[in-house]
Amino acid sequence: MNRRLLRARDAMDRDFSAPLTVRDLAAVACVSEANFIRSFKAVFGETPHRYLQRRRIERAMYLLRTTRTSVTDICMEVGFSSLGSFSRTFTDIVGETPSLFRQRAAFTEVPSCFVRAWMRPSSFGEAAPIDEP
């Protein structure tokens, strides 16, 4: 069963910007929709929808740090259909708006593995406060 769920998660990682449905992902995993949601959460600790949103936000964070593309264009590029839902989801996960994140996310030269570990949201909806001296 875990191998099937990994296939579905790989599909989400690969096609995160596409309009993926639970029905499509359950078909990839060869299980019913209800069983897919229940099993995915048991194995990965979050629902498929939350995982997909977090994956999209991770990509948006990268684009906000490394490009000058508008927030609206990034929103559409990562798979959100409205700027409002993108901004709300981004703020819930990251703890600040996309524009504020872009202003604060000046890239310093450090190994990319450290950047990925530090910038990756830990889980959906848990924005950690930033301690500033």
Side-chain angles (χ1 to χ4, degrees):
M1 175 61 121
N2 288 351
R3 186 172 301 179
R4 292 177 181 181
L5 294 174
L6 285 171
R7 281 189 213 133
R9 190 183 70 176
D10 289 346
M12 285 189 267
D13 288 340
R14 182 181 55 249
D15 301 324
F16 65 89
S17 62
L20 297 171
T21 65
V22 171
R23 175 177 283 160
D24 298 336
L25 296 169
V28 169
C30 301
V31 295
S32 70
E33 294 174 33
N35 190 27
F36 174 69
I37 294 169
R38 191 173 36 257
S39 299
F40 192 95
K41 185 170 183 179
V43 171
F44 298 113
E46 59 190 347
T47 65
H49 178 70
R50 287 183 177 175
Y51 179 85
L52 184 58
Q53 281 193 324
R54 188 172 49 79
R55 180 68 185 95
R56 288 173 173 168
I57 295 301
E58 287 172 359
R59 180 64 180 162
M61 290 168 69
Y62 172 78
L63 293 171
L64 287 165
R65 277 194 319 270
T66 60
T67 69
R68 288 288 144 215
T69 307
S70 73
V71 173
T72 303
D73 289 344
I74 289 174
C75 158
M76 299 303 169
E77 185 175 332
V78 299
F80 283 88
S81 57
S82 82
L83 184 58
S85 64
F86 169 71
S87 294
R88 184 177 53 255
T89 304
F90 191 97
T91 302
D92 287 346
I93 292 174
V94 179
E96 58 191 357
T97 65
S99 300
L100 183 58
F101 176 82
R102 174 176 268 166
Q103 291 171 2
R104 287 190 350 90
F107 226 7
T108 347
E109 291 299 322
V110 295
S112 61
C113 59
F114 288 109
V115 173
R116 282 193 305 270
W118 184 70
M119 298 300 290
R120 181 179 171 97
S122 61
S123 68
F124 183 79
E126 292 182 5
I130 299 172
D131 295 330
E132 293 186 18

So do [Y] and [X] actually touch side chain to side chain, heavy atoms under 4.5 Å?
X	Y	result
F86	I57	yes
E96	R104	yes
R4	R7	yes

Review point. Going by the angle between their ring planes, with limits at 30° and 60°, are Y51 and F44 parallel, tilted or perpendicular?
Key: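 Taking F44 first and then Y51, their aromatic rings sit tilted (interplane angle of 30° to 60°).
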
How long is the straight-line distance from [atom2] of [Y] back to [atom1] of [X], given to the nearest 0.5 Å?
X	Y	atom1	atom2	result
L63	I74	CG	CD1	5.0 Å
T72	E77	OG1	CD	12.5 Å
L100	L64	CG	CG	11.0 Å
R59	D13	CZ	CG	12.5 Å

Applying a strict under-4.5 Å side-chain criterion to I, L, V, M, F, W and Y, I'd like to know whether [X] and [Y] cluster together.
X	Y	answer
F80	L20	yes
Y62	M76	no
V28	L6	no

Minimum-distance pair of heavy atoms, taken over all atoms of [X] and [Y]:
X	Y	answer
A11	L25	CB-CD2, 4.4 Å
M61	F101	O-CE2, 3.5 Å
F40	P48	CD2-N, 3.6 Å

Point to revise | Heavy-atom donor-acceptor pair, R50 side chain to G45 backbone, under 3.5 Å | key: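 Checked: no pair found.
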
Check your understanding: If only atom types and distance count, is the side chain of R23 paired as donor or acceptor with the main-chain N or O of E33 below 3.5 Å?
Key ->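 Checked: no pair found.
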
Exercise for review: Apply side chain to side chain contact (heavy atoms under 4.5 Å, CB included) to F90 and V71, showing your working.
Suggested key: CA-CA 11 Å; F90 191 97; V71 173; over 6 Å; no

Practice item. Might you work through the side chain to side chain contact (heavy atoms under 4.5 Å, CB included) test for V31 and S39, ending with a clear yes or no? Key: CA-CA 10 Å; V31 295; S39 299; over 6 Å; no

**Study point:** Partner of E46 under side-chain hydrogen bond (donor to acceptor under 3.5 Å, both in side chains), chosen from K41, Q53, R54
**Key:**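 One option only clears the test, and that one is R54.
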
